[in-house]
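A quick write-up on the structure given underneath.
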Amino acid sequence: MTFRLSGIDPAPFEPLFALDDDALARLGARRCIADSDYGYPCRVSLEDARPGDELLLLSWEHQPAASPYRASGPVFVRRGAKRAVLPPGVVPPYVSRRLISLRAYDRAHMMVGAAVREGADAARELERMFADPAVAYVHLHNAKHGCFSCLAERA
């Protein structure tokens, strides 16, 4: 397999869990308690939170590069989550059970390809995208809500 999915670094978010709800609101963030097994996808662990799990919903800059594609958006981060770096070719249920938008970027952080696929077809699309030597990395987004999901890099 030519790709590996990884979650975001939890370190910047850990101190935020100690803030009260008013302080979080001043940062444009909010605390959530998952009330179902679906709908609270943690961008660190690449798993859906379970009922009762505490999460933060906040804006995160998923494309910080100085390019026209610089972007941020909402993400859920679960308290105590460990960063997932999956084995090559593994697509977890966190991705496979959602409609996914895939955006391929080159080394200059310019978009060179894009597709929307059922999550079950994400691996095949990632293989196709990484067959192009111009593709440096791919961002996966949950297509229905448009939120950043995870990063795919060459394995």
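Here the structure is a predicted model, which means the values were calculated and not measured. In what follows, every heavy atom counts, from backbone to side chain, and hydrogens, waters and symmetry copies are set aside.
- Salt bridge absent: Arg31 and Asp20 never bring a charged side-chain N and a carboxylate O closer than 4.0 Å.
- Shown here is Arg124, whose CZ atom has no more than 12 heavy atoms of other residues, nucleotides or ligands within 6.0 Å.
- A donor-acceptor distance shorter than 3.5 angstrom exists from the side chain of Arg154 to the backbone of Val135, with no hydrogens or angles considered.
- Annotation: side chain of Leu5 is in contact with side chain of Leu126 (closest heavy-atom distance under 4.5 Å).
- Under the side-chain contact (heavy atoms from CB on, under 4.5 Å) criterion, Ala120 pairs with no residue at all, not counting sequence neighbours.
- In this structure, His62 and His139 have perpendicular ring planes: the angle between them is above 60°, well past the 30° mark.
- Side-chain contact between Thr2 and Glu127: present, with at least one pair of heavy atoms (C-beta onward) separated by less than 4.5 Å.
- At a threshold of 4.5 Å between non-hydrogen side-chain atoms, the residues Leu102 and Arg117 count as touching.
- Two different hydrophobic clusters hold Leu55 and Ile8 under the rule that ILVMFWY side chains link at heavy-atom gaps under 4.5 Å.
- Residues Arg98 and Tyr38 form a side-chain contact, since some pair of their non-hydrogen atoms from C-beta on lies under 4.5 Å apart.
- Between the side chain of Arg4 and the backbone N or O of Leu86 there is at least one donor-acceptor pair closer than 3.5 Å.
- Contact record, Ala104 with Met129: CB-SD, 4.1 Å, taken as the closest heavy-atom pair.
- Closest approach of Pro10 and Val44 over heavy atoms only: CB-CG1, 3.8 Å.
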task: Check the pair Arg79, Asp53 against side chain to side chain contact (heavy atoms under 4.5 Å, CB included), reporting the backbone distance first and the verdict last.
output: CA-CA 8 Å; Arg79 180 188 281 274; Asp53 285 351; over 6 Å; no
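- Residues Leu27 and Phe17 fall within the same hydrophobic cluster, defined by Ile, Leu, Val, Met, Phe, Trp and Tyr side chains chained together at heavy-atom separations under 4.5 Å.
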- request: Take Tyr40 and Asp35, measure what side chain to side chain donor-acceptor pair (under 3.5 Å) needs, and give me the verdict at the end.
  value: CA-CA 9 Å; Tyr40 300 90; Asp35 59 7; 3.1 Å; yes
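- Connection of Leu151 to Val91 is not established within any shared hydrophobic cluster, with ILVMFWY side chains joined at heavy-atom distances below 4.5 Å, either directly or through further cluster members.
- In the hydrophobic cluster analysis, where Ile, Leu, Val, Met, Phe, Trp and Tyr join through side-chain heavy atoms closer than 4.5 angstrom, Tyr69 is grouped together with Tyr137.
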message: What verdict does the side chain to side chain contact (heavy atoms under 4.5 Å, CB included) test give for Val116 and Ile100, after you've listed the backbone C-alpha separation in whole Å, the side-chain angles of each residue and the deciding distance to 0.1 Å?
response: CA-CA 6 Å; Val116 175; Ile100 299 293; over 6 Å; no
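- Residue Arg50 places its CZ atom among 12 or fewer non-hydrogen atoms of other residues, nucleotides or ligands, all under 6.0 Å distant.
- Contact annotation: the side chain of Val77 never approaches that of Trp60 to less than 4.5 Å [non-hydrogen atoms, C-beta and beyond].
- A pairwise comparison of heavy atoms in Gly39 and Asp48 identifies N-OD1, 4.0 Å as the closest pair.
- Put simply, the side chain of Met110 reaches to within 4.5 Å of the side chain of Pro68, judged on heavy atoms.
- The shortest heavy-atom contact between Asn142 and Pro41 is ND2-CG, 4.1 Å.
- By the 30° and 60° cut-offs, the orientation of the rings of Phe148 relative to His141 is perpendicular.
- Checking side-chain atoms of Asp106 against main-chain N and O of Ala108 turns up a donor-acceptor pair under 3.5 Å.
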- prompt: Going through the checks in order, is the side chain to side chain contact (heavy atoms under 4.5 Å, CB included) test met by Phe76 and Leu58?
  reply: CA-CA 7 Å; Phe76 283 107; Leu58 63 147; over 6 Å; no
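- Just one residue in the list Glu61, His109, Gln63 forms a side-chain hydrogen bond (donor to acceptor under 3.5 Å, both in side chains) with Arg70, and that residue is Glu61.
- Here the side chains of Val138 and Phe3 are not in contact, with every heavy-atom distance at 4.5 Å or above.
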query: Could you walk me through whether Arg78 and Ser45 pass the side chain to side chain donor-acceptor pair (under 3.5 Å) check?
result: CA-CA 8 Å; Arg78 192 169 34 131; Ser45 65; 2.7 Å; yes
task: Could you walk me through whether Tyr94 and Arg43 pass the side chain to side chain contact (heavy atoms under 4.5 Å, CB included) test, one step at a time?
output: CA-CA 9 Å; Tyr94 164 94; Arg43 284 12 180 250; 2.8 Å; yes
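- For Asp37, there are no salt bridge (Lys or Arg N to Asp or Glu O under 4.0 Å) partners two or more places apart in sequence or in a different chain.
- Under a hydrophobic clustering in which Ile, Leu, Val, Met, Phe, Trp and Tyr are joined whenever their side-chain heavy atoms come within less than 4.5 Å, directly or via other members, Val112 and Tyr105 fall into different clusters.
- Scanning all heavy atoms of the two residues, the minimum distance from Arg83 to Gly7 falls at NE-O, 2.7 Å.
- Between Val95 and Cys150 there is a side-chain heavy-atom pair separated by less than 4.5 Å.
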